[in-house]
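Step one of this worksheet: look at the structure below.
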Number of protein chains: 2
Amino acid sequence: MQTISNQKPSATKSDSATPGSGNSELLQLETWLPYRLFRISTRVADVLNAFYGPKYGFSRSAWRTMAIIANRPGASAKEICQAGGLDQFSVSRAVKQLVELGFARRTSGRSDRRYAAIELSESGWAAFTEISNVAKRLDADLTSAVSSEELALLDGILARLDNASAGILARGWRGATEPVADEPGAPAAKRDA
Amino acid sequence: MQTISNQKPSATKSDSATPGSGNSELLQLETWLPYRLFRISTRVADVLNAFYGPKYGFSRSAWRTMAIIANRPGASAKEICQAGGLDQFSVSRAVKQLVELGFARRTSGRSDRRYAAIELSESGWAAFTEISNVAKRLDADLTSAVSSEELALLDGILARLDNASAGILARGWRGATEPVADEPGAPAAKRDA
DNA sequence: CTAATTGTTTGCATAGTGCAACTATATGCA
DNA sequence: TGCATATAGTTGCACTATGCAAACAATTAG
């Protein structure tokens, strides 16, 4: 590999501006926590997608949807949205895809017929089981890098980070650092350090 | 909110297949580590995107590219690819976007004129600084949910998970659980528990 | 009965992605 | 020198994904 440049910002040639502006340290993407989490998760998700994508022909949204309805058979589209962090359009299209491929079906035989009530078919369960096994193996592969004590620690830390991230999302980029009302679905966690 | 269904899989009505197939436990998306990491990271990234997107008019790839060249002024497109986990097309288009918006420039005055040598302009540094500050605040917001000891622990754990995920990516979904040769750019880490 | 509300779908415009083909530069070698 | 080959980067094109408005269907309120 041929390294072209490895200058520090301060060594930038004069017509390129320097950070300056009262900014003590440059942000480094590689050490920014959300980016680190992103890298790990997308690598694994990409590998899983490389399995189910070609084999079953559905999208990431469809896989997420499938995984959600596997745990909540008969869920409505709205419930899937909430559980999976997907918007209603994605869910609608994902369900459509799964139904067309024969992995899911809609049964609207309830009192309120606005709701969809989606569940997996035989082949849907088969596909889910197979993808799950790969997912579990990847997870085991990933977590084999850390001890079980660390994993337990990580579990607690992630629960709180998840909670904090929900707060950040709710407040938006303007948001001051204020506690936010409990979000539904997230495990209760104290922000106390 | 009107809850329609909350059945457990085992209570599924009879024409819907049950997991069965020698599968001891259903995979739960919410507890699958890569998904948990994904949720946290995308929430924060979405919020940051909601800041720089409308304000500066560039994409996520462009922001990543900007952050990378801020730390490596004069980097070539190829270096940006490697550092940011982006493919060459994304980088090419991201750089184009940044140049068109006046945030970066290409200077190919080196010995090897195939390389691009990209750096931020004055306004590029200004934008980067401003976005960085928001990013740092979000990070601080996020990490305020855990103690500094836990954060240090997390740092080490993530370093190893990052390493493991690189191995998973390299091996693909077929990959057995074998150690993989050192990847460039990742901090050295032992897989020992 | 009508209006408002809720759950879901769909069409359309836009944005992002992957791939092949292309330009330009550099290198190896006869 | 001349020509094949390799490398860096760009661009066109097809395809996929996403966001939004609008439509549609079922329910509830007045």
Side-chain angles (χ1 to χ4, degrees), chain A residues 1-5 42 45-46 49-50 52-54 56-65 68-69 72 74-101 104-119, chain B residues 1-5 42 45-46 49-50 52-54 56-65 68-69 72 74-101 104-119:
Chain A
M1 185 186 122
Q2 186 176 2
T3 300
I4 290 300
S5 169
T42 51
D46 283 352
N49 181 252
Y52 65 73
Y56 297 106
F58 49 72
S59 64
R60 287 170 154 87
S61 297
W63 158 243
R64 277 215 255 171
T65 298
I68 291 161
I69 59 181
R72 309 168 201 233
S76 70
K78 192 169 200 188
E79 284 177 270
I80 298 169
C81 292
Q82 293 165 339
L86 293 160
D87 61 85
Q88 56 178 153
F89 313 111
S90 305
V91 171
S92 178
R93 289 187 248 251
V95 170
K96 189 182 185 185
Q97 198 175 36
L98 290 173
V99 170
E100 281 170 354
L101 292 167
R105 57 175 157 259
R106 287 174 237 240
T107 57
S108 50
R110 290 175 199 284
S111 51
D112 190 331
R113 292 200 314 248
R114 285 173 302 182
Y115 291 82
I118 300 137
E119 58 188 13
Chain B
M1 185 186 118
Q2 186 173 4
T3 299
I4 288 303
S5 169
T42 51
D46 283 353
N49 182 253
Y52 66 72
Y56 296 108
F58 49 72
S59 65
R60 287 170 153 86
S61 298
W63 158 242
R64 277 215 256 172
T65 299
I68 291 161
I69 58 180
R72 310 170 200 231
S76 70
K78 192 169 200 188
E79 285 178 86
I80 297 170
C81 292
Q82 293 165 339
L86 293 158
D87 62 86
Q88 51 175 15
F89 313 112
S90 304
V91 171
S92 179
R93 289 186 247 250
V95 170
K96 189 183 185 183
Q97 197 174 38
L98 290 173
V99 169
E100 281 170 353
L101 292 168
R105 58 175 157 259
R106 288 175 236 242
T107 57
S108 53
R110 290 174 200 285
S111 51
D112 191 331
R113 291 198 317 246
R114 284 173 305 182
Y115 291 83
I118 300 137
E119 58 188 14

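Protein chains get the first letters and strands the later ones, always in sequence-line order, with residue 1 at the start of each.
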* Separation of atom CD in Glu79(A) from atom C1' in dT8(C), rounded to whole Å -> 14 Å

* Between Glu79(A) (side chain) and Ser76(A) (backbone), is there a donor-acceptor pair under 3.5 Å? -> yes

* Asked: Are the side chain of Thr107(B) and the backbone N or O of Ala117(B) linked by a donor-acceptor pair below 3.5 Å?
  -> yes

* Leu98(A) CG - dT8(C) P separation (whole Å) -> 15 Å

* **Rounded interatomic separation in angstrom, taking NZ from Lys78(A) and P from dG7(C)** => 3 Å

* Given atom CD of Gln88(A) and atom P of dA23(D), what is their separation to the nearest angstrom? -> 16 Å

* Structure fact -> Hits for salt bridge (charged side-chain N to carboxylate O under 4.0 Å, His left out) against Arg60(B), two or more places apart or cross-chain, chain-then-number order -> Asp46(B)

* Among dT6(C), dA6(D), dT10(C), the nucleotide that comes nearest once only the side chain of Arg114(A) is considered -> dT6(C)

* Verify, without hydrogens or angle tests, whether Arg64(B) (side chain) and Leu86(B) (backbone) share a donor-acceptor contact under 3.5 angstrom. => no

Short heteroatom pairs, N/O only, protein and nucleotides 16-19 of chain C, under 3.5 Å:
| residue | atom | partner | partner atom | Å |
| --- | --- | --- | --- | --- |
| dG18(C) | OP2 | Asp87(B) | OD2 | 3.4 |
| dG18(C) | O6 | Arg93(B) | NH2 | 2.9 |
| dC19(C) | N4 | Arg93(B) | NH2 | 3.4 |

* **Check: Gln88(B) main-chain N/O paired with Ser92(B) side-chain donor or acceptor under 3.5 Å** => no

* Structure fact -> Atom CZ of Arg113(A) and atom P of dC24(D) are separated, to the nearest Å, by 18 Å

* To do: Report yes if a side-chain nitrogen or oxygen of Lys96(B) is closer than 4.0 Å to either non-bridging phosphate oxygen (OP1 or OP2) of dG9(D); otherwise report no.
  => no

* So do Gln97(A) and Ser59(A) actually touch side chain to side chain, heavy atoms under 4.5 Å? -> yes

* Interatomic distance, Leu86(B) CG vs dG9(D) C1' [rounded to whole Å] -> 15 Å

* To do: Please state how far atom OH in Tyr115(A) lies from atom C1' in dA26(D), giving the value in whole angstrom units.
  => 11 Å

